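What you are looking at is a predicted structure, and each value in this text was computed from that prediction instead of being measured.
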2 protein chains.
Amino acid sequence: MPKSTTSRLLPPADDHAARFLRQREADRAAVAEDYVELIADLLREEGEARAVDLARRMGVSQATVTATVARLQRAGLVETKPYRGLFLTRAGDAMAEAAKRRHDLMVRFLLAVGLDRETAEADAEGLEHHASERTLATFARFLAEQESKA
Amino acid sequence: MPKSTTSRLLPPADDHAARFLRQREADRAAVAEDYVELIADLLREEGEARAVDLARRMGVSQATVTATVARLQRAGLVETKPYRGLFLTRAGDAMAEAAKRRHDLMVRFLLAVGLDRETAEADAEGLEHHASERTLATFARFLAEQESKA
DNA sequence: TCCATAACTTAGCCTCGGCTAAGATACTCG
DNA sequence: CGAGTATCTTAGCCGAGGCTAAGTTATGGA
């Protein structure tokens, strides 16, 4: 029984697997991005990013922050000066900036389609990690079009 | 010096933490939903859901499927008949249905804002787990409005 | 100055979700 | 029927990302 090409309620197994793979990669990257993004925010708005504040804002124990920051450090994203807070490397800065860009775009888009700010901010936290560049570009285009019509 | 309008102030630490907490919960639920959703799809379209097919489509080893299915079984979502494939419990069915509903809505929405089908399907895989009910409702409303204008 | 406290680290534990390699079991076909 | 293959399981490993409890150490106030 040869599979007809139109039996694509399910995608070909390979494509299907590829999607989930990309998915898992995004998940792995997400935590790093969240920490880095938050460190950047704290630096910008409070002048420093202490581990204790990260713990509070991430809703996580200090021990977890220590461990995660160690990973980020190994990954070359973060630098620490004990009792002087956390700092971003160049790579970390770049990641933070990209994350912020995605986050803001996501929020603006959600607002544009009619969501309230509160939910938009909350959901963007999760959604921002799973929108491909192509999708983000589409959202940006949507915003531009909507603006030109207003 | 008016920085960009997007220089949001940080939310109160508690709210911030709550967002990330919800985030982590969604992440934990996501794998279960993906497996359950896929089992439902296979049952519907192929008549049976074998572990070997799950492994192929999830892009994962058979051993991983065994372990994950064991968890799903413990969670009361799945039943197995060795060499006869996997089946969903009532709870599993409900989860699959909800997941499918979210997935389809997500895809339709992404198409509606101008994304190509391929990317829409791929990104929906990740996005569907991170949109709150409120956001999904907003997407549905958006679709309805757009339709009424056509 | 000095010491209480807040900040940070370490040790030890957990679950989840992956992996490979090797073992057991059912199905199928010659 | 019996052997070979496909399917499924088991064992043992890993890293990420959580936790608590018990240290250390720097800071700052009396």
Side-chain angles (χ1 to χ4, degrees), chain A residues 1 13 17-39 42 46-87 125-126 129, chain B residues 13 17-39 42 46-75 77-87 125-126 129:
Chain A
M1 183 175 83
R19 284 183 199 167
F20 284 118
L21 229 134
R22 206 174 64 72
Q23 222 13 66
R24 290 196 291 272
E25 264 154 39
D27 278 343
R28 262 189 290 111
V31 171
E33 280 174 17
D34 283 339
Y35 274 78
V36 163
E37 203 177 344
L38 182 49
I39 290 169
L42 287 169
E46 318 262 285
E48 63 176 359
R50 310 308 258 352
V52 66
D53 294 320
L54 267 182
R56 255 193 288 277
R57 299 200 98 91
M58 296 292 306
V60 127
S61 75
Q62 281 201 35
T64 295
V65 169
T66 297
T68 303
V69 164
R71 273 196 293 277
L72 297 181
Q73 213 161 0
R74 256 184 283 136
L77 296 167
V78 163
E79 271 160 13
T80 72
K81 303 186 192 170
Y83 289 83
R84 285 292 172 273
L86 308 170
F87 301 87
E125 214 71 74
H129 302 294
Chain B
R19 283 184 199 167
F20 284 119
L21 212 96
R22 205 175 63 75
Q23 221 15 64
R24 290 196 291 273
E25 263 154 39
D27 277 343
R28 263 189 289 111
V31 171
E33 279 174 19
D34 283 339
Y35 274 77
V36 162
E37 202 177 344
L38 182 48
I39 290 169
L42 287 169
E46 318 263 285
E48 64 174 0
R50 311 305 253 6
V52 66
D53 294 319
L54 267 181
R56 255 193 288 275
R57 298 200 100 92
M58 296 292 307
V60 126
S61 74
Q62 281 202 35
T64 294
V65 169
T66 298
T68 302
V69 164
R71 274 195 292 277
L72 298 181
Q73 212 161 2
R74 256 185 284 136
L77 295 167
V78 163
E79 273 160 12
T80 72
K81 304 187 193 170
Y83 290 83
R84 284 293 172 271
L86 308 170
F87 301 87
E125 214 70 76
H129 302 294

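A salt bridge is absent between A:Glu79 and A:Lys81: the closest approach of a Lys/Arg side-chain nitrogen to an acidic carboxylate oxygen does not fall below 4.0 angstrom. The pair A:Asp53-A:Arg50 does not count as a salt bridge, with every side-chain nitrogen at least 4.0 angstrom from each carboxylate oxygen.
Atom P of nucleotide C:dC19 and atom CG of A:Leu21 are separated by 9 Å, given to the nearest angstrom. Separating the CD atom of B:Gln23 from the P atom of D:dG18 is a distance of 11 Å, rounded to the nearest angstrom. For the pair B:Leu72 CG and C:dC16 P, the interatomic distance rounds to 11 Å; values are reported in whole Å. Protein atom CE of A:Met58 is 16 Å distant from nucleotide atom P of D:dA16, rounded to whole Å. For the pair A:Gln73 CD and D:dG17 P, the interatomic distance rounds to 15 Å; values are reported in whole Å. In this entry the distance linking NZ of A:Lys81 with C1' of C:dC8 reads 17 Å, nearest Å. Rounded to an integer number of Å, the gap from A:Arg84 CZ to D:dT27 C1' is 8 Å. In this structure, the CZ atom of B:Arg74 is 10 Å from the P atom of C:dG17, given to the nearest Å.
Residues A:Arg28 and B:Ala51 each lie close to DNA chain D; by heavy-atom proximity, the contact nearer the 5' end of the strand is made by B:Ala51. Nearer to the 5' terminus of DNA chain D, by closest-nucleotide assignment, is the contact made by A:Gly59 (compared with the other of A:Gly59 and A:Tyr83). When the nearest nucleotides of DNA chain C are assigned to A:Arg24 and A:Val65 by heavy-atom distance, the more 5′-ward of the two goes with A:Val65.
Backbone-only contact: A:Val60 has heavy atoms under 4.0 Å from sugar-phosphate atoms and none from a base. At a threshold of 4.0 angstrom between heavy atoms, the contacts of A:Tyr35 are confined to the sugar-phosphate backbone, with no base atom among them.
In terms of phosphate contacts, B:Arg71 brings a side-chain nitrogen or oxygen within less than 4.0 Å of OP1 or OP2 of C:dG17. For C:dG17, neither phosphate oxygen OP1 nor OP2 lies less than 4.0 angstrom from any side-chain nitrogen or oxygen of B:Thr64. The phosphate of D:dC19 (OP1 or OP2) has a side-chain N or O of A:Ser61 nearer than 4.0 angstrom.
Contact annotation: the side chain of B:Tyr35 approaches that of B:Val60 to within less than 4.5 Å [non-hydrogen atoms, C-beta and beyond]. Side-chain atoms of B:Gln73 and B:Thr80, non-hydrogen and from C-beta on, do get closer than 4.5 Å to each other.
The side chain of A:Arg50 lies closest to C:dA7 when the candidates are C:dA7, C:dG17, C:dT20.
Here the options are B:Val65, B:Thr68, B:Asp34, B:Thr64, the test is side chain to side chain contact (heavy atoms under 4.5 Å, CB included), and the partner is B:Met58; only B:Asp34 passes.
Checking B:His129 against B:Asp27 by side-chain atom types alone, no donor-acceptor pair falls below 3.5 Å.
The CG atom of A:Leu38 sits 5.0 Å away from atom CG of A:Leu54, with the distance rounded to the nearest 0.5 Å.
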Measure all distances between protein nitrogen or oxygen atoms and nitrogen or oxygen atoms of nucleotides 10-12 of chain D, and list the pairs falling under 3.5 Å.
none

